[in-house]
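Remember, predicted model here, so these are calculated numbers, not experimental data.
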Amino acid sequence: MIGATVEAFEQDMPALGVVLGVLELGWYTGTMFSASSLAHKQNNEQRQNYLEKIRPYFASESIGLKIDF
């Protein structure tokens with residue numbers, strides 16, 4: 001897509017170059033936003049799984065210690 005944008009400008013078709021550039025920018029931005037969003041979601045899931053795994057060690061009634069996460 002970037003190659004087509006460059007080619008359009010080199011062939012003196014600035015309108016096509018701008019359209020292709022805007023489409024590429026939108027696609028690239030969407031991809032980066034999606035990747036970032038999914039990484040945050042995965043990190044939150046892993047954090048919650050870990051906290052659930054260690055919760056029994058800190059919520060033991062036998063030692064009188066209770067920590068809520």
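Follow the hydrophobic side-chain contacts under 4.5 Å out from Trp27 and you reach Met32 in the same cluster.
Qualifying side chain to side chain contact (heavy atoms under 4.5 Å, CB included) partners for Tyr50, counting only residues two or more places apart in sequence or in other chains: Ile54. For Glu52, the salt bridge (Lys or Arg N to Asp or Glu O under 4.0 Å) partners are Arg55, not counting sequence neighbours.
Taking Ile, Leu, Val, Met, Phe, Trp and Tyr as hydrophobic and joining them when side-chain heavy atoms fall under 4.5 Å apart, one finds Met13 in a cluster with Met1, Leu16, Val19, Leu20, Leu23. Phe33 forms part of no hydrophobic cluster, judged by ILVMFWY side-chain heavy-atom separations under 4.5 Å. The other residues sharing a hydrophobic cluster with Phe9 are Val18, Val22, where clustering joins ILVMFWY side chains under 4.5 Å apart.
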Name the atoms and distances for all side-chain donor-acceptor pairs under 3.5 Å in residues 35-46, with sequence neighbours left out.
{"residue": "Asn43", "atom": "ND2", "partner": "Ala39", "partner atom": "O", "Å": "3.3"}
{"residue": "Asn44", "atom": "OD1", "partner": "Arg47", "partner atom": "NH1", "Å": "2.7"}
{"residue": "Asn44", "atom": "ND2", "partner": "His40", "partner atom": "O", "Å": "3.3"}

